[in-house]
Novice: 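Can you keep this structure in mind? I'll have questions shortly.
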Amino acid sequence: MKFLCFFFLLSVSVSAASYSQNAKFTISLNDVALTEVFSTIRANSEFTFIYNMDDVRNIRVKSLNVHDASIREILDAALQNTGFIYKIEDRVIVIQPQEMKEEKKSVRVKGWVHDKGKQPLPGVTVRMVGVSLGTATNAQGWFAIDLPVEKGTLEFSFIGYKKKQINFTDKTDTLRIVLEEDFQQVEEVVVTGIFNKPKESFTGAVTSVTKEDLKANFSRNLIQTLANIDASLLIVQNNEMGSDPNTLPEIQLRGVSTMLDLSDLETHTRRPEYNQPLFIMDGFEVDLERVMDLNQNDIESITILKDASATSLYGSRGANGVIVITTTLANAGALTVSYEGRLNLQIPDLGTYDNLMTASEKFEMEKIYGVWDRLESYLPNGQSYQDAYNEIEDAIAKGVNYNWLKVPTRTGVGQFHSLRFMGSQENWNYMLSLSYDDTKGVMKESERKNFNGTMQLGYRKDKWNVRQSLAVGFNRNQNSPYGEFSSYVQMNRYWVPYEKDGKPVEEYYHPSSSYGPIENPLYDHTVGVWNKTKYTNLRSNTAVDFTINEHLKAQATFGLNYKNTRYDGFTPPEHKDFQYITEIERKGSFGRREGEETMWQIRLMLNYNNIFSEKHMITLGLNGELSETIADDVNWSATGYISSNVSHPGMSMSYPSSGGTNGSESTVRRASLIATANYYYDQRYFVDFSVNYNGGSSFGKNNRFQYFYSLGAGWAVSNEMFVKEHLPFVNEMRFRYSFGVTGNMFVGPEVSMEVFQRNSSYVYLGGIAWTLGQFANPNLEQQNTFQHNAGLDLKLFNSRIEFSLNYYNYLTNNTLTDMNLPISHGFERIMGNVGKIRNEGWDGNVGVQLYRDTEKRINWHLFASFSRRKNTLVKLSEGYKKRVSGYNAGMSNQEDILKYREGYSLDAIYGLRTVGVDPTSGQRIFLKADGVTTTLEQDSDDLVYLGDRQPK
């Protein structure tokens, strides 16, 4: 109520166009604090006040009523009989006790600013702490500033360097300031991977993770570590694969915006890449597998960009969010050598299976529920129920209670080693980093080995800064020949895996398995089935920076990425799949898949930043880039092996008669022109804007180019004088809002083009026929997502308490998926923009610094991250709904029913309601959709919403 009353009592009008000392003001204030007089003048002029809050906190002004008065007349009246005086230097008013009156009006502080290599740093911001007075260094790193006080503190800040504060007095001589490089500096800037934006005036939602954060929250892999830090990053649980080191996780950031097509729905195929965030490392795109295999010691920081305020810079690639990784760069200094080694344990947790039935308990339960009632019947292999029943009874009587869960599992013991050399000499700096990571999975014989090497060389002199980085990664991995763990969970404990002669049991038959035999999950391992994968990745980044002047910089970068992947899989001739094949040329099989991907990107960029009239900070950026990705994949197989000891496909004697070779080749090109602007007024109000004119070859020729943009604004409430005076414990309070449009380029260029297919079943004019397999869609648009985000950032009690909260609402209004065609076209479907999907929710975090001792290096910090999300399928085309309805007409009790319905999420689960069992027939009674009628038939129209696969 105190602030509310203040605004009711305040009546201010400014009658002059100039804010010089001769400006006239009309002010009427009654019974207010002296600080409120200062706040009134400051809010309606360009004057800034400097005073000791403790000195003036309790001084009140009973009445101040002036009309067309100068600033001196107002201050004379306000300070009358208070024991305080004032002095005015330009637009700065210094309030001080009368006995401290000084003859000297100001002090000039001057000096040089350079880096560790003694290179001058132009454009460094120099400002006095606590007031909006500042300047910047010139091209030689020189600065000079006149200050209306005899002592105080200057702060030096520059993007890419750590901030530094220096105390000064009237006796301070010429300063020589050395700034230390901080290539990430995530506390002060938002690293977008294209432009670095000032964090204090950034309007978007981001999570900045330092190298120290990664170490403090270290988990089994990098993605899990990030999910522990930011709850808005969801790792979709994969119960089938568990902790398999060779399975890539499915990750989502703030929900999903892309539907599966009909063919994927029909085969229950998930497409995690459709909704996966974009990964950017040192300005260039990388895939999830490479991120998972990185040496985490080479990572300096990670920034998670969540909303369009930053992701719109990536145009048609930014709708799912962007994760920006910055690797460690070589620092100036003497040669240093560091080593790190550790042991990694992968321990299976089987505690949740402790309460499973024993063999005898399971058999008794089956008898109670009538599984063995029809002993006169026969199993599919010709064995009678009675004989199978007797075999199980005999096994249990002999004490058989086989623990299938321990057969494929182990405690995986892995190792990690990292070695780094770093140093500099004159204008050069260098770094060499080597690492080896050997991960042993909990499934026997599953492993993943990574070798990473990075070499960097940098040169900095005068206005030039050149950096070259070359990184190589080698990966070797092998899946467990024991198969999937879930297969062992389903095995009955009264079964054993081996025959009396030691050979594996091929399959088991049981009355409850009406679809055929149950495979022995140990069989493939026993006969020698294996599959292995390896890849080599080369990455080269070149960056050239040129400082045109203290405010304008230019940068050119070129990146090249090459990845070669090979998969080998072998099934020996002794396998049961070949037991009925007599020709030796057809026994055994070796499959190989080879893939190459080459990506290059070139980028030219200009950055401008300046401070005008001490209150107006402007940051501008212009960027143009081109990129191309060429992918080539080949799959082929060979047959005819006389031995199970095979390591190369050249040992084959033949090839399969059909399906032996296939592959694909694609080229995706992208062009972007990006502009961004940021304006910060008096460290209180800020505006952010960016636009991306983006073109991609993956869309129709009529819609290749499109604009993506964002606009945001914010208010740094904590920098308002009334907060500083009345809420001194508030260190930071920022409100921000942003809106923007981003895209998702998850499809290949072939979806919008005419596609012809080879059809060897037809011959035309003596040659193999090619038939039209798909119509072109020249109007296919890029999938757009309209994103709103509102946020609050709060720091209290010397930043001991930190809090951040974001609300978001995203609408994808032209989702890409299958679209029906009239039967007259000769094709059933084509890719089109036919759906609308909404994602909304909130996320945030809170941290409390309980204890910190920098000398003893003790830090006790509590941190919590939270989120809640809601995904809604807003609209489907009528044709798509008709096709989905036809697909769901068939019922299956083996799979979850995946059904898209308007008003529900894409991960919704549906099921039939039941009211019990019909006593006359023993069949289940189902409830119809109306909730009243019952039936014995299963009908997909009666499915009701049960919940979601993903947590809210």
Side-chain angles (χ1 to χ4, degrees), residues 184 186 190-196 204-209 211 213-214 219 221-230 232-236 247-254 256-258 271-296 298-308 310-328 450 452 454 469 471 473 475 535 537-541 557 559-563 565 597-601 603 625 627 629 631 668 670 672 696 742-746:
Q184 187 54 27
V186 295
V190 175
V191 181
T192 68
I194 299 178
F195 302 105
N196 287 351
V206 301
T207 296
S208 299
V209 183
K211 174 181 288 189
D213 294 331
L214 292 175
S219 188
N221 58 60
L222 178 60
I223 300 302
Q224 186 63 60
T225 300
L226 293 178
N228 293 342
I229 297 173
D230 191 339
S232 63
L233 185 67
L234 173 67
I235 299 179
V236 178
T247 298
L248 295 178
E250 179 179 352
I251 58 177
Q252 300 169 4
L253 184 60
R254 288 187 167 183
V256 299
S257 60
T258 303
R271 297 289 184 181
E273 64 274 14
Y274 286 0
N275 297 288
Q276 180 178 286
L278 175 70
F279 290 92
I280 299 294
M281 184 161 62
D282 295 333
F284 302 96
E285 183 176 347
V286 294
D287 59 24
L288 175 59
E289 184 175 42
R290 190 71 200 113
V291 172
M292 294 287 291
D293 293 333
L294 278 177
N295 173 16
Q296 291 196 30
D298 285 343
I299 298 175
E300 186 67 25
S301 71
I302 297 177
T303 305
I304 304 175
L305 308 177
K306 304 180 187 180
D307 74 327
T311 60
S312 62
L313 296 173
Y314 291 92
S316 59
R317 301 179 293 162
N320 298 328
V322 182
I323 297 178
V324 181
I325 301 172
T326 302
T327 59
T328 301
N450 284 294
N452 289 289
T454 302
S469 173
N475 173 275
Y535 75 78
N537 181 258
L538 297 174
R539 181 169 55 90
S540 173
N541 291 345
T557 63
L560 180 65
N561 188 79
Y562 172 79
K563 185 176 182 180
T565 305
E597 183 178 89
T598 304
M599 189 273 285
W600 61 262
Q601 174 182 292
R603 175 183 293 160
E625 62 183 58
S627 75
T629 302
V668 178
R670 181 178 53 82
S672 295
T742 58
N744 187 354
M745 190 173 68
F746 65 93

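We number each residue from 1, following the sequence as shown. Atom set for the values below is all heavy atoms of this structure, side chains included, hydrogens, waters and symmetry mates excluded.
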Novice: Under the salt bridge (Lys or Arg N to Asp or Glu O under 4.0 Å) rule, collect the residues that match up with Arg254, sequence neighbours excluded.
Specialist: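 Residues passing salt bridge (Lys or Arg N to Asp or Glu O under 4.0 Å) with Arg254: Asp843.
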Novice: Could you list the residues that satisfy side chain to side chain contact (heavy atoms under 4.5 Å, CB included) with Asn221, not counting sequence neighbours?
Specialist: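 Expected list: Ile223, Gln224, Met292.
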Novice: Would you please name every residue forming a side chain to side chain donor-acceptor pair (under 3.5 Å) with Thr742, sequence neighbours left out?
Specialist: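 With neighbours one apart ignored, the set is Gln787.
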Novice: Mind checking side chain to side chain contact (heavy atoms under 4.5 Å, CB included) for Ile299 and listing every partner two or more places apart, or none if nothing turns up?
Specialist: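 Counting only residues at least two positions away or on another chain, Ile299 forms a side chain to side chain contact (heavy atoms under 4.5 Å, CB included) with Leu214, Leu222, Leu294, Ile302, Ile325.
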Novice: Which pair of heavy atoms, one from Thr192 and one from Asn196, lies closest together, and at what distance?
Specialist: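 Heavy atoms only, the tightest pair is N-OD1, 4.2 Å.
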Novice: Pair Leu233, Ile323 - check side-chain contact (heavy atoms from CB on, under 4.5 Å), show working.
Specialist: CA-CA 10 Å; Leu233 185 67; Ile323 297 178; 4.3 Å; yes
Novice: Between CG of Leu253 and OG1 of Thr311, what distance do you get to the nearest 0.5 Å?
Specialist: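 Output value for this atom pair is 9.5 Å.
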Novice: For Thr629, which residues count as a side chain to side chain contact (heavy atoms under 4.5 Å, CB included) partner, sequence neighbours excluded?
Specialist: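 Checked Thr629 against side chain to side chain contact (heavy atoms under 4.5 Å, CB included); matches are Glu597, Met599.
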Novice: Could you tell me which residues satisfy side chain to side chain donor-acceptor pair (under 3.5 Å) with Arg539, sequence neighbours excluded, listed by chain and number?
Specialist: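 Listed in chain order: nothing, the list is empty.
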Novice: Can you name the salt bridge (Lys or Arg N to Asp or Glu O under 4.0 Å) partners of Lys563, sequence neighbours left out?
Specialist: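 Testing Lys563 for salt bridge (Lys or Arg N to Asp or Glu O under 4.0 Å), a comparison that skips the adjacent residues, returns Asp287, Glu289.
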Novice: Report the residues that fulfil side chain to side chain donor-acceptor pair (under 3.5 Å) with Ser257, sequence neighbours left out, ordered by chain and then residue number.
Specialist: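 By the side chain to side chain donor-acceptor pair (under 3.5 Å) rule, Ser257 matches Asn320.
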Novice: Suppose we screen for side chain to side chain donor-acceptor pair (under 3.5 Å). Which residues come up paired with Ser540, at least two apart in sequence or across chains?
Specialist: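 Partners of Ser540 under the side chain to side chain donor-acceptor pair (under 3.5 Å) test: Gln468.
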Novice: Check whether any side-chain heavy atom of Val286 lies under 4.5 Å from a side-chain heavy atom of Val291, and answer yes or no.
Specialist: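 Yes, side chains in contact.
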Novice: What is the minimum heavy-atom distance between Pro249 and Ile235, and which atoms define it?
Specialist: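 Heavy-atom minimum between the residues: CB-CG2, 4.1 Å.
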Novice: Tell me which pairs pass side-chain hydrogen bond (donor to acceptor under 3.5 Å, both in side chains) where either residue lies in residues 273-282, with sequence neighbours left out.
Specialist: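 As it turns out, the side-chain hydrogen bond (donor to acceptor under 3.5 Å, both in side chains) pairs with a partner in residues 273-282, which skip direct neighbours, are Asp282-Thr327.
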Novice: For the atom pair CG (Leu248) and CD (Glu250), what is the distance rounded to the nearest 0.5 Å?
Specialist: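 With rounding to 0.5 Å, CG (Leu248) is 11.0 Å from CD (Glu250).
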Novice: Rounded to the nearest 0.5 Å, what's the gap from CD1 on Ile251 to CG on Leu226? Could you check?
Specialist: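 Those atoms lie 8.5 Å apart.
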Novice: If you measure from OG1 on Thr225 to CG on Asp230, what distance do you get to the nearest 0.5 Å?
Specialist: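 Answer rounded to 0.5 Å: 13.0 Å.
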Novice: Show the nearest heavy-atom pair for residues Gly473 and Asn452, with the distance to one decimal.
Specialist: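 What the structure gives for the nearest pair is CA-OD1, 3.8 Å.
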Novice: What's the spacing between Tyr314 OH and Leu305 CG if we round to 0.5 Å?
Specialist: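 It is 6.5 Å, given to the nearest 0.5 Å.
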Novice: Measuring from Ile194:CD1 to Ser672:OG, what's the distance to the nearest 0.5 Å?
Specialist: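 Spacing of CD1 (Ile194) from OG (Ser672) equals 7.5 Å.
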Novice: Between Asn228 and Ser219, what is the shortest heavy-atom contact and its length?
Specialist: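 Shortest heavy-atom contact: ND2-CB, 3.6 Å.
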Novice: Measuring only between side-chain heavy atoms, which start at C-beta, is Gln601 closer than 4.5 Å to Glu285?
Specialist: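 No - every pair of side-chain heavy atoms lies 4.5 Å or more apart.
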Novice: Test of understanding: with salt bridge (Lys or Arg N to Asp or Glu O under 4.0 Å), list the residues that count as partners of Arg290, not counting sequence neighbours.
Specialist: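 In terms of salt bridge (Lys or Arg N to Asp or Glu O under 4.0 Å), with neighbours along the sequence ignored, Arg290 is linked to no residue.
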Novice: Are side-chain heavy atoms of Phe284 and Asn561 found at a separation under 4.5 Å?
Specialist: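 Side-chain contact under 4.5 Å: no.
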Novice: Verify the distance criterion only: is there a donor paired with an acceptor across the side chains of Arg670 and Ser627 at less than 3.5 Å?
Specialist: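 On atom types as modelled, these side chains qualify, holding a pair under 3.5 Å.
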